[in-house]
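These notes are about the structure you will find just below.
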Amino acid sequence: MRAGADSEISTVPEPQPKSPPTAGRKPRLALFVATACGLGYLPKAPGTWGSLAGLLLAMAPYWLLFSVGAVSRDRMVLSMSFLGGNEFDPFLGMQIWLAILIAACGLWSAQRASTFWCTKDPQRVVIDEVSGQHLTLLLGLAMPIWWKLPAPPWDGLAIGLITARMALSWKYLVLGFILFRVFDIWKPFPARQAESLPGGWGIMTDDWAAAVYAGIGLWIARAAGL
């Protein structure tokens, strides 16, 4: 009886473990954007490389418009001189659209990268530094200093323009880069508090807060005569 029971029990199939859930597809496009075309994979200081990409982004409208001939040097001098002008500023328009586009792409890609890597703020995500650095230069240079006339922009076209009336010189690039990196690392209020926001918002908004501080610092330096 015992043997029969044992043989009967042995014939009962053991329950099979459940198959692990199928892994989702790798979000390649989102990771490409979030890492700023792969800069985030660099082994040392990926955030610094992301900030350098933000500097290049600020120069893009100048190189794009002049390379395709959409804006000529003589036409800009005549119609958008620092004394006035009624035409729409193509550089400022492109800078604003770039800021909005990079911010939107950053929110989308950072959220997906964070979910894929199961980390709240992955070090490889540097699109936030790209966005923050570009925003620093846009805020710091596009805001006019109302009590004095701007300098003629055509004296410094070698690097680029933030607006048609504000040249992007090497000193503004260096100062804007340093200020943003300092505030991005320091994270004064509300930058550090913004990190607690969910998803891509927590990754991006702390850099935007740092960009506001850095932009104000760059504007003050301009007002002081830099």
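- Comment: D206 does not engage R192 in a salt bridge, judged by the lack of any side-chain N to carboxylate O separation of less than 4.0 angstrom.
- No donor-acceptor distance shorter than 3.5 angstrom exists from the side chain of S114 to the backbone of A110, with no hydrogens or angles considered.
- With a 6.0 Å radius and a threshold of 12 heavy atoms from other residues, nucleotides or ligands, W208 has its CH2 atom above the threshold.
- Between L161 and L168 the shortest side-chain heavy-atom distance does not fall below 4.5 Å.
- With a 4.5 Å cut-off on side-chain heavy atoms, L173 and I159 count as touching.
- The closest side-chain heavy-atom distance from L92 to I162 is not below 4.5 Å.
- Within the 4.5 Å cutoff, side-chain heavy atoms of D207 are placed close to those of F180.
- The number of heavy-atom neighbours closer than 6.0 Å to CH2 of W201, taken from other residues, nucleotides and ligands shown, is 12 or below.
- Within 6.0 Å of CD in Q193 there are more than 12 heavy atoms belonging to other residues, nucleotides or ligands.
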side-chain contact (heavy atoms from CB on, under 4.5 Å) for V125 and T35? Distances and angles first, verdict last. CA-CA 5 Å; V125 174; T35 59; 5.7 Å; no
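- Not a single donor-acceptor pair under 3.5 Å links the side chain of R222 to the backbone N or O of G217.
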Can Y172 and M166 be said to form a side-chain contact (heavy atoms from CB on, under 4.5 Å), step by step? CA-CA 11 Å; Y172 293 145; M166 179 52 62; 4.2 Å; yes
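- Taking the charged nitrogens against the carboxylate oxygens, K120 and E195 have no contact shorter than 4.0 Å, which rules out a salt bridge.
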